[in-house]
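Step one of this worksheet: look at the structure below.
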Amino acid sequence: MSFAAPPTPASDPHSGPAERARAAAPSDPLDPGLLERVEERLRAAVAADGLMGLASAHLLQAPAAKRARPRLFLAFAALAGDARAARPRADEALVAAAAALELIHTASLLHDDVVDEAGARRGAPSANARYGNSAAVLAGDLVLTRALGLLSFDAAALAAAIDVVGAMSVAAVREVEVRGVSALAPEAALAVAEGKTAALFGLCGRLAGILGHDDDAGRRFEEAGRALGVAFQIADDAADIETDLRERTPSHPILLAQAHDPDVAEALRALWSPPGVDAASARALASRIGGGAAVAGSLEVVAREIEVAARALAPWAGSLPHEHIFRFAATLSRRPA
Ligand code: FPP
Ligand code: MG
């Protein structure tokens, strides 16, 4: 899922962060110079010798990284500033906060791939597959501390980020606790999405309010960010049914399907029973769930959350950053191919 910038071909080995910043679409309201400063901050944040430097930079510098959270934050910051000028103030604090958001995301993925035992990420081997679990976990720790360090210039921003990292960790552990548990209501998946993904999207809004010294706007941005985060995660779940079945993750469309179709509930229970998941059965069940009403049900949740975001951001309707945010949102509600 892209955030307004054109996709960077993953196969192009020369397509690095600077190229990505320069490749911003002509109608992109985000200043490519500002995005390049964010990239510089990111490069500096993960500069370390040896294995630590390799493992930390591995995921952060992947060409397929979309920088969705810094872009969302900068769009909110543009709304908090002069929305008619359609770009945020080229402020050092904004650059630091945008970089911190990407680093928190990167740290969470480094840890998530260890937890999920994932072998690939962004079209390449995951950091844990390439450098081992120990290096990936410790690189995640380093990246997270660099993120929090970047926010230490503002006590409120730092406290908000610490809260969000806590919520993400609690949700990630909850996801581990319910692995393989099929008898859950679909709301259980929404609660995990709130903590795992929406909390960080909400922080994109909250930080724009804090740094723009506008509490009312910050509350609206946070609400919109959280709603877009739930939409993002549920859209991702709708696209990842087979993987989630294989990894025994009770995602939203899987729980919806089992709640409404007793045959799916029985097949799911059997799939997740010992001795282990059979890949062919997971593929068959994924195709059955994907062809049924559950995906449409999940996409209804996506649409509902986008409406929540639209109501929260209604005061800025018609501005370019607002258009930019909802162009991104529109990519979420399409049925996965
Ligand atoms: C990807 O989810 C993972 C997350 C959105 C967050 C995971 C959070 C933690 C591991 C807690 C630790 C947090 C920090 C900041 C160190 P997914 O598995 O649904 O998506 P995927 O298919 O892309 O892996
Ligand atoms: Mg994962």
Side-chain angles (χ1 to χ4, degrees), residues 1-2 45-46 55-56 59-60 62 64-66 68-69 72 99-129 133 135-151 158 160-180 188-204 207 225-226 228-255 282 286 298 302 332 336:
M1 280 173 280
S2 72
V46 296
S56 304
L59 185 53
L60 189 71
K66 298 179 293 272
R69 291 149 193 82
L72 181 61
L101 287 159
E102 184 68 13
L103 291 170
I104 294 172
H105 174 54
T106 303
S108 79
L109 294 184
L110 285 164
H111 287 180
D112 181 68
D113 284 342
V114 173
V115 172
D116 289 351
E117 299 177 22
R121 164 80 60 192
R122 294 177 175 161
S126 58
N128 44 305
N133 280 351
V137 168
L138 297 168
D141 293 345
L142 178 78
V143 171
L144 179 59
T145 56
R146 294 281 155 86
L148 297 178
L150 280 174
L151 292 174
L158 180 60
I162 288 170
D163 271 358
V164 164
V165 172
M168 292 171 77
S169 304
V170 168
V173 169
R174 179 69 189 142
E175 196 169 53
V176 170
E177 282 175 333
V178 297
R179 192 156 277 176
L190 290 180
V192 168
E194 284 275 350
K196 194 174 76 166
T197 305
L200 188 55
F201 275 71
L203 184 64
C204 297
L207 292 183
R226 293 189 74 93
L228 291 174
V230 172
F232 186 97
Q233 184 61 51
I234 302 303
D236 201 49
D237 289 353
D240 272 355
I241 293 172
E242 190 180 335
T243 309
D244 287 334
L245 285 173
R246 271 203 316 271
E247 292 179 356
R248 304 195 313 138
T249 301
S251 71
H252 190 263
I254 292 172
L255 292 179
S298 290
V302 171
L332 302 178

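Throughout, numbering of the chain's residues begins at 1 and tracks the sequence. Read the numbers this way: they start at 1 and go in the same order the structure lists the ligands and their atoms.
Side-chain atoms of T106 and L110, non-hydrogen and from C-beta on, do get closer than 4.5 Å to each other. In this structure the side chain of D237 never reaches within 4.5 angstrom of the side chain of I254, judged on heavy atoms. When side chains are defined from C-beta on, L60 does not count as touching V143, because their heavy atoms never get closer than 4.5 Å. For the pair L148/L158, a side-chain contact is recorded, criterion being any heavy-atom separation below 4.5 Å from C-beta on.
The number of protein N, O or S atoms lying under 2.8 Å from the Mg ion (ligand 2) is 2.
Among pairs with a residue in residues 166-175, those fulfilling side chain to side chain donor-acceptor pair (under 3.5 Å) read R174-E177, E175-K196, at least two apart in sequence or across chains. Within the structure, the salt bridge (charged side-chain N to carboxylate O under 4.0 Å, His left out) test picks out the following pairs touching residues 243-255 (sequence neighbours left out): E242-R246.
Protein heavy atom in closest approach to atom 20 (O) of ligand 1: D236 OD2, 4.1 Å. Annotation: atom 16 (C) of ligand 1 to nearest protein heavy atom, H111 ND1, 3.5 Å. Summary of contacts: the protein heavy atom closest to atom 13 (C) of ligand 1 is S108 CB, 3.7 Å. The nearest heavy-atom contact from the protein to atom 1 (C) of ligand 1 is D112 OD2, 3.4 Å. Atom 23 (O) of ligand 1 has R121 NH1, 2.6 Å as its closest protein atom, hydrogens excluded (heavy atom only). Among all non-hydrogen protein atoms, the one lying nearest atom 17 (P) of ligand 1 is K196 NZ, 3.5 Å.
Short contacts between ligand 1 and M168, defined as distances under 4.0 Å to a heavy atom of the residue, involve ligand atoms 11 (C). Listed by atom number, the atoms of ligand 1 under 4.0 Å from I104 heavy atoms are 15 (C). Taking a cut-off of under 4.0 Å to the non-hydrogen atoms of T197, the atoms of ligand 1 that pass are 5 (C).
Every side-chain hydrogen bond (donor to acceptor under 3.5 Å, both in side chains) that S126 has, sequence neighbours left out, goes to N128.
Heavy atoms of D116 come nearer than 4.0 angstrom to ligand 1 in at least one pair. In this structure, S169 has a heavy atom closer than 4.0 Å to ligand 1. The closest approach between a heavy atom of Q233 and any atom of ligand 1 is below 4.0 Å.
Although no hydrogens or angles enter the test, the distance criterion places a donor-acceptor pair under 3.5 Å between the side chain of R122 and the main chain of L59. Remark: side-chain polar atoms of R69 are not paired, donor with acceptor, to backbone N or O of L101 under 3.5 angstrom.
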### Query
Would H111 and D141 satisfy side-chain contact (heavy atoms from CB on, under 4.5 Å), going step by step from the backbone distance to the final call?
CA-CA 9 Å; H111 287 180; D141 293 345; 3.2 Å; yes

### Task
Report the C-alpha separation of D116 and T249 in whole Å, then their side-chain angles, then the decisive distance to 0.1 Å, and conclude whether the side-chain contact (heavy atoms from CB on, under 4.5 Å) test is met.
CA-CA 10 Å; D116 289 351; T249 301; 5.7 Å; no

### Query
Under the side-chain contact (heavy atoms from CB on, under 4.5 Å) criterion, do L103 and V46 qualify, and how do the steps go?
CA-CA 9 Å; L103 291 170; V46 296; 4.3 Å; yes

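If you look at A172 next to ligand 1, the close heavy atoms, those under 4.0 Å, all belong to the side chain. Proximity of D240 to ligand 1, defined as any heavy-atom pair under 4.0 Å, is confined to the side chain (atoms from C-beta onward).
The shortest heavy-atom contact between F232 and T197 is CD2-CG2, 4.1 Å.
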